[in-house]
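Below is one structure, written out as structure tokens; comments come after it.
Quick note: numbers below take in every heavy atom, side chains included, and nothing from hydrogens, waters or symmetry partners.
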Amino acid sequence: MSQDKQSLVVKRVPIDSVVPDAANARIHGPRNVEAIRNSLRQFGQVEPLLVQRGTSRLIAGHGRLEAMRLNGVTEVDVVELDVSDIAATNLNIALNR
């Protein structure tokens with residue numbers, strides 16, 4: 001489904017329901033994760049994670065997810081995208097350039 005036909009809806013879900021993508025293109029080092037943790041402590045989650053509808057596979061937000069887990073967060077805001085596996089992988093790559 002093309003993006004112009006989807007409405008983006010933010011949804012709150014248990015953090016454990018979000019499945020990190022083992023093939024995520026970006027690696028977050030300890031310094032980066034700590035910076036994200038500090039930002040989350042100060043501002044909270046101001047940007048939803050992007051997940052694939054049906055699988056809850058994480059498309060974007062791996063660093064934030066890791067930092068939120070370390071901060072003890074139990075629920076996160078997500079936007080579910082109705083995309084194929086290939087589109088999810090391509091979007092992950094595009095967003096991590």
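- Residues meeting the side chain to side chain donor-acceptor pair (under 3.5 Å) test with Thr55, sequence neighbours left out: Gln52.
- Within a 6.0 Å radius of CZ in Arg41, more than 12 heavy atoms belonging to other residues, nucleotides or ligands are found.
- Arg69 places a side-chain N or O within donor-acceptor distance of the main-chain N or O of Ile15, the cut-off being under 3.5 Å.
- Hydrophobic clustering of Ile, Leu, Val, Met, Phe, Trp and Tyr side chains at less than 4.5 Å, counting indirect connections, keeps Ile36 apart from Leu50.
- The line from CZ of Arg37 to CG of Asn71 is 4.5 Å long, rounded to the nearest 0.5 Å.
- Val33 belongs to a hydrophobic cluster whose other members, connected by ILVMFWY side-chain contacts under 4.5 Å either directly or through intermediates, are Leu70.
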Can you give each donor-acceptor pair under 3.5 Å made by side-chain atoms of residues 56-68, sequence neighbours left out, with the distance rounded to 0.1 Å?
residue, atom, partner, partner atom, Å
Arg57, NE, Asp21, OD2, 3.1
Arg57, NH1, Asp85, O, 3.4
Arg57, NH2, Asp21, OD2, 3.0
Arg57, NH2, Thr89, OG1, 2.6
His62, ND1, Asn24, OD1, 3.4
His62, NE2, Asp21, N, 3.0
Arg64, NH1, Glu47, O, 2.9
Arg64, NH1, Pro48, O, 3.2

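- Looking at residues two or more places apart in sequence or on another chain, you find a side chain to side chain donor-acceptor pair (under 3.5 Å) between Asp77 and Arg12.
- The nearest pair of heavy atoms linking Leu49 to Gln45 is N-NE2, 3.7 Å.
- Val10 and Val83 fall within a single hydrophobic cluster, where Ile, Leu, Val, Met, Phe, Trp and Tyr side chains are chained together by heavy-atom contacts under 4.5 Å.
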Leu91 vs Leu81, side-chain contact (heavy atoms from CB on, under 4.5 Å): CA-CA, chis, key distance, verdict: CA-CA 11 Å; Leu91 183 55; Leu81 299 178; 3.6 Å; yes
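- Remark: Glu75 engages no residue in a salt bridge (charged side-chain N to carboxylate O under 4.0 Å, His left out) (not counting sequence neighbours).
- Remark: Asn90 engages no residue in a side chain to side chain donor-acceptor pair (under 3.5 Å) (not counting sequence neighbours).
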